[in-house]
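Numbering of ligands and ligand atoms starts at 1, following listing order. The structure displayed is predicted, hence computed values, not measured ones.
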Amino acid sequence: MRIALFGTVGAGKSTISEEISKILKYRIFPEPIDNNPYFDDYYKDMEANVFKMQIFMLTARSKQLLEAKKLENVIFDRTILEDPIFVAVNHDLKTMSDIDYKTYNDFYENVIIPNLGNRSEFDLVIYLKLSTDKAIERIRERGRVQELETPREYWEVLNNRYDDYYEKRKSMFNFLVIDAEHDDLNKKMEIIMNKIYSMNPSLKK
Ligand SMILES: Nc1ncnc2c1ncn2[C@@H]1O[C@H](COP(=O)(O)OP(=O)(O)OP(=O)(O)O)[C@@H](O)[C@H]1O
(Lines give C-alpha, C1' and ligand atoms only; values in the text may rest on other atoms or scores of the structure.)
Protein backbone atom coordinates (compact mmCIF):
# COMPACT_ATOMS: atom_id res chain seq x y z
CA MET A 1 0.00 0.00 0.00
CA ARG A 2 1.22 3.50 -0.85
CA ILE A 3 0.39 5.79 2.05
CA ALA A 4 0.94 9.57 2.03
CA LEU A 5 0.84 12.07 4.88
CA PHE A 6 -0.57 15.45 3.91
CA GLY A 7 -0.74 18.56 6.09
CA THR A 8 0.72 21.88 7.05
CA VAL A 9 3.98 22.41 8.96
CA GLY A 10 3.65 21.18 12.53
CA ALA A 11 0.68 18.90 11.80
CA GLY A 12 2.55 15.86 13.08
CA LYS A 13 3.21 14.03 9.83
CA SER A 14 6.62 12.72 10.88
CA THR A 15 5.29 11.23 14.11
CA ILE A 16 2.36 9.54 12.40
CA SER A 17 4.64 8.25 9.60
CA GLU A 18 6.90 6.65 12.17
CA GLU A 19 4.02 5.09 14.08
CA ILE A 20 2.54 3.55 10.92
CA SER A 21 5.98 2.34 9.90
CA LYS A 22 6.51 0.67 13.29
CA ILE A 23 3.32 -1.33 12.81
CA LEU A 24 3.48 -2.14 9.11
CA LYS A 25 7.29 -2.08 8.70
CA TYR A 26 6.96 0.11 5.62
CA ARG A 27 9.81 2.34 4.53
CA ILE A 28 9.33 6.07 5.07
CA PHE A 29 10.38 8.58 2.44
CA PRO A 30 11.06 11.64 4.60
CA GLU A 31 10.80 15.32 3.79
CA PRO A 32 14.02 16.36 1.95
CA ILE A 33 15.22 18.72 4.66
CA ASP A 34 18.38 17.35 6.28
CA ASN A 35 20.62 17.80 3.25
CA ASN A 36 18.73 20.72 1.81
CA PRO A 37 21.27 23.48 1.01
CA TYR A 38 18.54 26.13 0.67
CA PHE A 39 16.59 25.48 3.85
CA ASP A 40 18.28 28.06 6.11
CA ASP A 41 18.40 30.71 3.39
CA TYR A 42 14.75 30.17 2.48
CA TYR A 43 13.58 31.02 5.98
CA LYS A 44 15.98 34.00 6.17
CA ASP A 45 14.87 35.53 2.87
CA MET A 46 12.00 33.87 1.04
CA GLU A 47 11.91 36.29 -1.84
CA ALA A 48 15.54 35.65 -2.75
CA ASN A 49 15.47 31.90 -2.27
CA VAL A 50 12.00 30.54 -2.94
CA PHE A 51 12.63 29.55 -6.53
CA LYS A 52 15.87 27.73 -5.77
CA MET A 53 14.26 26.01 -2.80
CA GLN A 54 11.35 24.80 -4.95
CA ILE A 55 13.60 23.40 -7.66
CA PHE A 56 15.51 21.50 -4.99
CA MET A 57 12.30 20.17 -3.39
CA LEU A 58 10.79 19.04 -6.69
CA THR A 59 13.99 17.32 -7.70
CA ALA A 60 14.39 15.59 -4.35
CA ARG A 61 10.78 14.40 -4.30
CA SER A 62 10.95 13.22 -7.93
CA LYS A 63 14.04 11.17 -7.04
CA GLN A 64 12.24 9.68 -4.07
CA LEU A 65 9.26 8.76 -6.24
CA LEU A 66 11.58 7.10 -8.74
CA GLU A 67 13.10 5.01 -5.98
CA ALA A 68 9.72 4.24 -4.46
CA LYS A 69 8.51 2.93 -7.81
CA LYS A 70 10.34 -0.31 -7.05
CA LEU A 71 8.51 -0.74 -3.75
CA GLU A 72 4.95 -1.86 -3.26
CA ASN A 73 4.62 -0.58 0.30
CA VAL A 74 5.73 2.92 1.21
CA ILE A 75 4.95 5.92 3.39
CA PHE A 76 5.55 9.43 2.07
CA ASP A 77 6.06 12.06 4.77
CA ARG A 78 4.47 14.82 2.65
CA THR A 79 4.01 14.51 -1.11
CA ILE A 80 4.99 16.21 -4.31
CA LEU A 81 1.38 17.35 -4.57
CA GLU A 82 2.02 19.80 -1.73
CA ASP A 83 4.98 21.75 -3.09
CA PRO A 84 2.76 24.03 -5.22
CA ILE A 85 0.88 24.94 -2.03
CA PHE A 86 4.07 26.51 -0.62
CA VAL A 87 4.62 28.28 -3.91
CA ALA A 88 1.08 29.71 -3.90
CA VAL A 89 1.69 31.00 -0.38
CA ASN A 90 4.80 32.84 -1.54
CA HIS A 91 2.84 34.31 -4.41
CA ASP A 92 0.01 35.36 -2.09
CA LEU A 93 2.50 37.04 0.24
CA LYS A 94 4.32 38.67 -2.67
CA THR A 95 7.62 36.94 -2.02
CA MET A 96 7.23 35.41 -5.48
CA SER A 97 6.54 37.51 -8.57
CA ASP A 98 3.73 36.83 -11.05
CA ILE A 99 6.29 35.83 -13.67
CA ASP A 100 8.08 33.34 -11.44
CA TYR A 101 4.74 31.95 -10.26
CA LYS A 102 3.64 31.36 -13.83
CA THR A 103 6.99 29.80 -14.76
CA TYR A 104 6.84 27.45 -11.77
CA ASN A 105 3.29 26.36 -12.51
CA ASP A 106 4.07 25.79 -16.21
CA PHE A 107 7.10 23.75 -15.23
CA TYR A 108 5.12 21.75 -12.64
CA GLU A 109 2.15 21.00 -14.92
CA ASN A 110 4.08 20.34 -18.11
CA VAL A 111 7.37 18.85 -16.96
CA ILE A 112 7.01 17.43 -13.46
CA ILE A 113 3.52 15.90 -13.53
CA PRO A 114 3.71 14.22 -16.98
CA ASN A 115 7.06 12.73 -16.00
CA LEU A 116 5.72 11.22 -12.82
CA GLY A 117 3.06 9.14 -14.53
CA ASN A 118 1.48 6.84 -11.98
CA ARG A 119 4.31 7.33 -9.49
CA SER A 120 2.30 10.01 -7.70
CA GLU A 121 -0.67 7.74 -7.17
CA PHE A 122 -1.37 7.01 -3.53
CA ASP A 123 -3.76 4.43 -2.11
CA LEU A 124 -4.43 6.54 0.95
CA VAL A 125 -3.71 10.22 1.66
CA ILE A 126 -3.94 11.06 5.36
CA TYR A 127 -4.75 14.74 5.86
CA LEU A 128 -3.75 15.90 9.35
CA LYS A 129 -5.99 18.91 9.80
CA LEU A 130 -5.52 21.44 12.59
CA SER A 131 -5.87 25.12 13.40
CA THR A 132 -3.08 27.59 12.69
CA ASP A 133 -2.76 28.30 16.44
CA LYS A 134 -2.12 24.64 17.15
CA ALA A 135 0.35 24.35 14.26
CA ILE A 136 2.29 27.35 15.59
CA GLU A 137 2.26 25.86 19.10
CA ARG A 138 3.83 22.66 17.71
CA ILE A 139 6.37 24.59 15.62
CA ARG A 140 7.44 26.49 18.78
CA GLU A 141 7.63 23.32 20.87
CA ARG A 142 9.74 21.60 18.26
CA GLY A 143 11.99 24.65 18.15
CA ARG A 144 13.54 24.27 14.70
CA VAL A 145 15.35 27.62 14.68
CA GLN A 146 14.75 28.47 11.03
CA GLU A 147 10.96 28.37 11.50
CA LEU A 148 10.72 30.37 14.72
CA GLU A 149 11.05 33.86 13.22
CA THR A 150 8.53 33.23 10.43
CA PRO A 151 5.54 35.58 10.75
CA ARG A 152 2.17 34.15 11.75
CA GLU A 153 0.71 35.28 8.41
CA TYR A 154 2.84 32.69 6.57
CA TRP A 155 1.48 29.80 8.67
CA GLU A 156 -2.05 31.19 8.41
CA VAL A 157 -2.01 31.48 4.61
CA LEU A 158 -0.32 28.06 4.35
CA ASN A 159 -3.00 26.41 6.47
CA ASN A 160 -5.79 28.09 4.48
CA ARG A 161 -4.17 26.98 1.25
CA TYR A 162 -4.06 23.39 2.54
CA ASP A 163 -7.79 23.52 3.26
CA ASP A 164 -8.50 24.96 -0.20
CA TYR A 165 -6.44 22.23 -1.82
CA TYR A 166 -8.34 19.57 0.06
CA GLU A 167 -11.75 21.07 -0.71
CA LYS A 168 -10.99 21.34 -4.42
CA ARG A 169 -9.44 17.91 -4.83
CA LYS A 170 -11.07 15.70 -2.22
CA SER A 171 -12.69 13.53 -4.87
CA MET A 172 -9.39 12.98 -6.70
CA PHE A 173 -7.59 11.12 -3.93
CA ASN A 174 -8.58 8.64 -1.26
CA PHE A 175 -8.34 11.15 1.60
CA LEU A 176 -8.70 10.29 5.25
CA VAL A 177 -9.11 13.48 7.28
CA ILE A 178 -7.77 13.27 10.81
CA ASP A 179 -8.50 15.84 13.48
CA ALA A 180 -4.92 16.71 14.44
CA GLU A 181 -5.90 19.45 16.87
CA HIS A 182 -5.62 17.18 19.88
CA ASP A 183 -2.46 15.46 21.07
CA ASP A 184 -3.93 11.99 21.65
CA LEU A 185 -1.65 9.96 19.39
CA ASN A 186 -3.33 6.64 20.24
CA LYS A 187 -6.71 7.95 19.19
CA LYS A 188 -5.37 9.25 15.88
CA MET A 189 -3.54 5.99 15.23
CA GLU A 190 -6.61 3.90 15.98
CA ILE A 191 -8.61 5.72 13.29
CA ILE A 192 -5.75 5.51 10.80
CA MET A 193 -5.03 1.81 11.36
CA ASN A 194 -8.73 0.94 11.19
CA LYS A 195 -8.88 2.64 7.82
CA ILE A 196 -5.74 0.84 6.58
CA TYR A 197 -7.05 -2.54 7.80
CA SER A 198 -10.43 -1.90 6.20
CA MET A 199 -8.61 -1.37 2.90
CA ASN A 200 -6.42 -4.45 3.34
CA PRO A 201 -7.57 -6.84 6.10
CA SER A 202 -4.56 -9.13 5.54
CA LEU A 203 -2.34 -6.48 7.15
CA LYS A 204 -4.02 -7.07 10.51
CA LYS A 205 -2.02 -9.72 12.30
N1 LIG B 1 7.92 23.15 -1.17
C2 LIG B 1 8.32 23.70 -0.03
N3 LIG B 1 8.59 25.00 0.01
C4 LIG B 1 9.01 25.59 1.14
N5 LIG B 1 9.20 24.95 2.28
C6 LIG B 1 8.93 23.66 2.30
C7 LIG B 1 8.45 22.97 1.15
N8 LIG B 1 8.24 21.70 1.51
C9 LIG B 1 8.59 21.62 2.80
N10 LIG B 1 8.99 22.79 3.28
C11 LIG B 1 9.48 23.11 4.62
O12 LIG B 1 10.23 22.03 5.08
C13 LIG B 1 10.05 21.83 6.45
C14 LIG B 1 9.48 20.46 6.61
O15 LIG B 1 9.81 19.99 7.79
P16 LIG B 1 9.25 18.62 8.35
O17 LIG B 1 9.72 17.49 7.55
O18 LIG B 1 9.53 18.56 9.78
O19 LIG B 1 7.74 18.77 8.08
P20 LIG B 1 6.65 19.50 8.88
O21 LIG B 1 5.77 20.11 7.85
O22 LIG B 1 7.18 20.37 9.92
O23 LIG B 1 5.95 18.23 9.42
P24 LIG B 1 5.23 17.69 10.68
O25 LIG B 1 3.81 17.53 10.21
O26 LIG B 1 5.92 16.39 10.89
O27 LIG B 1 5.36 18.63 11.82
C28 LIG B 1 9.10 22.88 6.92
O29 LIG B 1 9.82 23.97 7.41
C30 LIG B 1 8.39 23.26 5.63
O31 LIG B 1 7.91 24.56 5.64
Starting from [atom], what is the nearest protein heavy atom, named by residue and atom, and what distance separates them?
atom	answer
atom 1 (N) of ligand 1	D83 OD1, 2.7 Å
atom 28 (C) of ligand 1	E147 OE2, 3.3 Å
atom 27 (O) of ligand 1	R142 NH1, 3.0 Å
atom 19 (O) of ligand 1	E31 OE2, 3.6 Å
atom 12 (O) of ligand 1	I33 CD1, 3.1 Å

Does any N/O atom on [X] come nearer than 3.5 Å to any N/O atom on ligand 1?
X	result
A11	yes
G10	yes
Y42	no

Test item: side-chain donor near acceptor, [X] and [Y], under 3.5 Å:
X	Y	result
D83	Y104	no
E18	T15	no
Y127	D163	yes
Y38	Q54	no

Subset of ligand 1 atoms that lie under 4.0 Å from at least one heavy atom of [X]:
X	value
R78	9 (C), 14 (C), 19 (O), 21 (O)
Y43	11 (C), 28 (C), 29 (O), 30 (C), 31 (O)
M53	4 (C), 5 (N), 6 (C)
Q54	1 (N), 2 (C), 3 (N), 4 (C)
S14	26 (O)

[X] and ligand 1 - part of the residue with a heavy-atom distance under 4.0 Å:
X	result
R138	neither
K13	both
R144	side chain

Are E47 and K94 close enough, and set up right, to give a salt bridge (charged side-chain N to carboxylate O under 4.0 Å, His left out), and what steps lead you there?
CA-CA 8 Å; E47 192 167 358; K94 311 236 180 300; over 6 Å; no
Whether H91 and Y101 hold their rings parallel, tilted or perpendicular, with breakpoints at 30° and 60°
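Rings of H91 and Y101: parallel, as their planes differ by under 30°.
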Look at the aromatic rings of F175 and F173 and report parallel, tilted or perpendicular, splitting at 30° and 60°.
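The rings of F175 and F173 stand perpendicular, inter-plane angle above 60°.
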Can you tell me how far apart CG (L124) and CG (L5) are? Round to the nearest 0.5 Å.
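Separation between the atoms: 9.0 Å.
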Is it the case that more than 12 heavy atoms not belonging to E153 sit under 6.0 Å from its CD atom?
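Not buried by this count: 12 neighbours or fewer within 6.0 Å.
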Could you go through the salt bridge (charged side-chain N to carboxylate O under 4.0 Å, His left out) check for E137 and K134 one step at a time?
CA-CA 5 Å; E137 191 185 309; K134 190 70 188 176; 3.1 Å; yes
Does R61 reach ligand 1, in the sense of a heavy atom lying below 4.0 Å from it?
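Flag set, R61 near ligand 1.
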Would you please indicate if the ring centroids of Y162 and Y166 are separated by under 6.0 Å?
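Ring-ring flag for Y162/Y166: false, centres at least 6.0 Å apart.
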Can you tell which of Y154, F86, Y38, F56 gets a heavy atom nearest to atom 2 (C) of ligand 1?
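Closest candidate by heavy-atom distance is F86.
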